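Counting begins at 1 with the first residue of the sequence. Since the structure is predicted, the reported quantities are computational estimates derived from the model, not experimental observations. Computed over heavy atoms, backbone and side chain alike; hydrogens, waters and symmetry mates excluded.
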Amino acid sequence: MSKIRILPEQLANQIAAGEVVERPASVVKELVENSIDAGASRIEVEIEGGGTRLIRVIDDGEGMNEDDILLSIERHGTSKIQKEEDLAAIETLGFRGEAIPSMASVSQFTIVSRPKGEELGTKVVLKYGKLIKVHETGCSFGSSFEVKNLFGNTPARRKFLRTVRTELSHIDEVVKNYALGSPHVTFILRINGKETIHLNNSLSLQQRLGRILNYRDTFIRVDWNSRQRHISGFLIPPERVTPGPAKLRIFVNGRAIKDRMIVHGVTEGLRGFLLKGKNPSGLIHVTLPAGEIDVNVHPAKHEVRFRNSRDIHTLLSRSVASAMAGEQEQLRAGFYGTAERKETTRIPAESNPTAHMTSTIGGKPEDLYRTAEVVSHYPGLQQPSQPFSVKPIVSPSTPTDTAGKEELSLPPENRSSNNEPRPQTHNLLVIGQFEDLYILCKNREGLLVIDQHAAHERLLYEKLRKQFLQGTVPRQNLLFPETVELSLFQAQLVEKYSKEIDSMGFSIREFGGNSYIISAIPALAGQIHPGELFNDILEKFGSEGGRTGGDYIDTILATMACRGAVKAGTELSKPEIDNLLNEMVKADLFSHCPHGRPVIKQFTSLEVKKWFHRT
């Protein structure tokens with residue numbers, strides 16, 4: 001007797017259910033995908049008992065007649081693909097024809113459906129995979145899928161489910177994901193008779209995202225088109241992101257997926273804006289020709305495979321970087337009163353549904369690497385004369401207490417087209433320094449607080465990075481060369497990264513054994529001890545050098561900029577403050593230091609009035 005047997009259809013369906021139906025949320029996902037594929041404009045999801053007692057999905061899609069319903073409960077019955085070539089260009093969310101028979105094999109399953117143009121619908125009832133009855137019935141256009149007593153015939157599967165609260169959270173996440181993936185569809189979720197989600201299709205995508213994330217502030221819009229590839233989305237500004245895992249919702253051709261490569265691409269685009277420990281948050285839609293992705297690589301369709309993943313990664317990082325470049329222009333106009341932009345990257349979560357839907361982000365990704373010149377000499381380090389002090393700046397051009405109120409008003413806003421050069425001077429009224437670290441200014445919106453170290457660090461980093469790429473980092477020859485003793489590991493690093501070290505502005509030579517002589521250092525190092533700076537750089541090479549690409553170079557350049565930037569506790573003169581502010585106006589990137597710390601904080605007049613209950 002043969003050992004190999006063909007499994008009964010019912011058992012085969014239960015095995016398939018183990019891959020497709022992991023938990024109640026899997027049922028909701030498959031049914032919602034079918035409803036979207038059916039062209040529904042309204043989808044209602046009803047849940048009882050954490051999804052094991054009842055899952056009901058109702059839509060107003062195209063519906064099915066009796067023949068189609070009976071075919072849909074057969075394994076591999078699908079209308080989505082017909083031939084082998086179709087599998088290479090799938091444009092629908094569902095396609096395998098396994099979901100309905102798999103779910104029906106582990107539940108009491110009911111389908112009620114009526115296509116448009118038919119007077120009556122059809123009701124089909126199955127009990128754990130067995131067809132119980134089929135009959136005509138009166139019903140609305142569309143389809144209703146009802147799943148009762150899920151895993152009732154497989155108690156071992158039900159034992160592995162989590163608590164009701166956990167299962168409901170997974171269902172909630174599925175509905176929210178597809179509400180963001182299909183903004184043209186109204187989504188309603190009811191749990192035990194209580195409506196917990198109601199997202200009307202009149203809401204714009206950013207409004208939906210704001211409500212789902214419970215986020216009421218502005219988003220940074222990403223919008224990039226390139227040869228039938230489209231990257232779009234809305235990101236929470238880096239300074240508003242909370243620490244923890246990435247809260248980035250990813251969609252590829254409308255399909256909600258999980259993909260580390262996409263998260264990494266977005267993170268790369270935000271490099272220099274996100275603090276360590278923070279990850280991008282928001283929404284990213286990737287639209288590609290169907291033939292460039294393979295959606296048939298995961299049983300539950302949570303992942304896809306890209307034909308050219310490296311190209312997609314580059315497109316993502318550049319799209320986000322371009323959005324951040326546009327964001328800098330928007331911030332510049334707000335902070336300094338410079339030229340207004342017709343195109344905007346930062347938009348309110350509850351903005352008009354039709355607004356911001358046709359604008360695109362101008363500028364090329366390579367424009368991000370243009371840098372502004374900035375002086376690198378500031379007075380030596382000084383300790384504050386007293387804690388919590390605000391030092392007023394008094395100069396011939398600064399209004400005194402006897403000056404009229406008109407003297408305190410800012411000059412008219414400069415208006416220029418995007419093609420005109422940026423203003424060379426700021427339009428801020430400098431009030432003074434706080435704790436010899438924060439520069440206090442007044443602009444049209446209210447009070448502006450600028451971290452002088454972070455601001456100077458960003459300017460130095462951009463300048464240093466440009467010089468490094470061009471091989472023109474200026475050197476400062478040491479009057480008395482510095483001799484340093486290195487460990488064997490450090491000596492190996494010097495040998496391995498000699499070209500990079502030279503490009504960074506260091507001039508070193510061997511002096512026997514593990515001794516080296518430093519005869520020149522980067523000019524921006526100023527009064528930094530040459531040996532300390534060199535050891536700092538070697539430490540970074542040792543810890544960062546194993547990373548791929550040029551990431552470790554950026555990290556090292558950021559460290560050099562940090563060491564060379566004006567320090568906390570440094571008292572600046574009025575001309576020095578003006579010079580720093582002027583360079584920020586001219587710089588492409590200025591809102592965050594290279595490590596992601598914010599440089600500027602705006603307090604509006606209304607906010608200040610609220611502090612003192614004057615509103």
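Glu46 has a carboxylate O that lies under 4.0 Å from a charged side-chain N of Arg190, or vice versa, which qualifies the two as a salt bridge. A salt bridge does not link Lys176 with Glu173: every distance from a Lys NZ or Arg NE/NH1/NH2 to an Asp or Glu carboxylate oxygen is 4.0 Å or more. Ion pairing of Arg42 with Glu44 is present here, as a side-chain N (NZ or NE/NH1/NH2) and a carboxylate O approach within less than 4.0 Å. Ion pairing between a basic and an acidic side chain is recognised when a charged N comes within 4.0 Å of a carboxylate O; Arg332 and Glu329 show such pairing. By the 4.0 Å N-to-carboxylate-O rule, Glu167 lies too far from Arg162 to be salt-bridged with it.
Ser322 places no side-chain N or O within donor-acceptor distance of the main-chain N or O of Arg318, the cut-off being under 3.5 Å. Using a distance-only test at 3.5 Å, with no hydrogens or angles considered, no donor-acceptor pair links the side chain of Ser182 to the main chain of Ala179. In terms of modelled atom types and a separation under 3.5 Å, the side chain of Arg114 and the main chain of Glu118 share a donor-acceptor contact. Here the side chain of Gln328 pairs a donor or acceptor atom with the backbone of Ser591 at under 3.5 angstrom. In this structure, Gln207 contributes its side chain and Ser204 its backbone to a donor-acceptor pair below 3.5 Å. Remark: side-chain polar atoms of Gln602 are not paired, donor with acceptor, to backbone N or O of Phe335 under 3.5 angstrom.
Atom-to-atom distance recorded for Phe219:CZ and Gln206:CD is 8.0 Å, nearest 0.5 angstrom. Distance CG/Leu71 to CD/Glu66: 10.5 Å, rounded to 0.5 Å. Separation of atoms CG (Asp259) and CD (Glu303) is listed at 7.5 Å; rounding is to 0.5 Å. Annotation: the span from Lys127 atom NZ to Asn149 atom CG amounts to 9.0 Å, rounded to 0.5 Å. Atom-to-atom distance recorded for Ile100:CD1 and Asn34:CG is 5.0 Å, nearest 0.5 angstrom. Taking CG of Leu161 as the reference point, atom OG1 of Thr166 lies at 10.5 Å (rounded to 0.5 Å).
Shortest non-hydrogen contact noted between Arg221 and Asp223 is NH2-OD2, 2.9 Å. Closest of all the heavy-atom pairs between Leu235 and Leu248 is CD2-CD1, 3.8 Å. Closest approach of Pro598 and Glu239 over heavy atoms only: CB-CB, 4.4 Å. Closest approach of Val266 to Pro280, counting heavy atoms only: CG1-CB, 3.7 Å. Shortest non-hydrogen contact noted between Arg208 and Leu203 is CG-CB, 4.0 Å. In this structure, Thr186 and Asn201 approach most closely via the heavy-atom pair OG1-N, 3.0 Å.
Side-chain contact check for Arg597 versus Leu275: some heavy-atom pair is nearer than 4.5 Å. Here the side chains of Val134 and Ile69 are not in contact, with every heavy-atom distance at 4.5 Å or above. The side-chain heavy atoms of Arg229 and Glu292, taken from C-beta on, include a pair separated by under 4.5 Å. Proximity of Leu168 to Ile47: side-chain heavy atoms (C-beta onward) are separated by under 4.5 Å at one or more points. When side chains are defined from C-beta on, Met64 does not count as touching Thr122, because their heavy atoms never get closer than 4.5 Å. The closest side-chain heavy-atom distance from Thr154 to Arg158 is not below 4.5 Å. Using a 4.5 Å cut-off on side-chain heavy atoms (C-beta onward), Pro24 and Val147 make no contact. A heavy-atom distance below 4.5 Å is not found between the side chains of Ile257 and His302.
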Task: Check against side chain to side chain contact (heavy atoms under 4.5 Å, CB included), Arg271 and Glu268 - done: CA-CA 5 Å; Arg271 188 196 299 178; Glu268 281 293 288; 2.4 Å; yes
Task: Residues Leu31, Met103; criterion side chain to side chain contact (heavy atoms under 4.5 Å, CB included); working and verdict - done: CA-CA 10 Å; Leu31 294 179; Met103 291 183 287; 3.5 Å; yes
Task: Test log, rule side chain to side chain contact (heavy atoms under 4.5 Å, CB included), inputs Phe273 and Glu327 - done: CA-CA 12 Å; Phe273 293 97; Glu327 163 75 352; over 6 Å; no
- [ ] Begin with the C-alpha distance, continue with both residues' side-chain angles, and end with the deciding distance and a verdict on side chain to side chain donor-acceptor pair (under 3.5 Å) for Thr267 and Asn279.
- [x] CA-CA 7 Å; Thr267 305; Asn279 292 286; 5.0 Å; no
TODO: Go through the steps for Phe306 and Ile262 under the test side chain to side chain contact (heavy atoms under 4.5 Å, CB included), then give the verdict.
DONE: CA-CA 11 Å; Phe306 298 95; Ile262 291 180; 3.8 Å; yes
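Residues meeting the ring pair (Phe, Tyr, Trp, His ring centres under 6.0 Å) test with Phe145, sequence neighbours left out: none. Judged as a ring pair (Phe, Tyr, Trp, His ring centres under 6.0 Å), and not counting sequence neighbours, the contacts of His285 are Phe251.
Within 6.0 Å of NZ in Lys247 there are more than 12 heavy atoms belonging to other residues, nucleotides or ligands. For Lys278, the NZ atom is densely surrounded, since the number of other residues' heavy atoms within 6.0 Å is greater than 12.
With Val45 as reference, Val32 is the one residue of Ile191, Ile188, Val32, Asp59 to meet the side-chain contact (heavy atoms from CB on, under 4.5 Å) rule.
Figure legend: cation-pi geometry between Lys601 and Phe603, with NZ or CZ positioned under 6.0 Å from the six-membered ring centre and within 45° of its axis.
For the side chain to side chain donor-acceptor pair (under 3.5 Å) condition, the pairs that include at least one residue of residues 133-143, sequence neighbours left out, are Ser113-Ser143.
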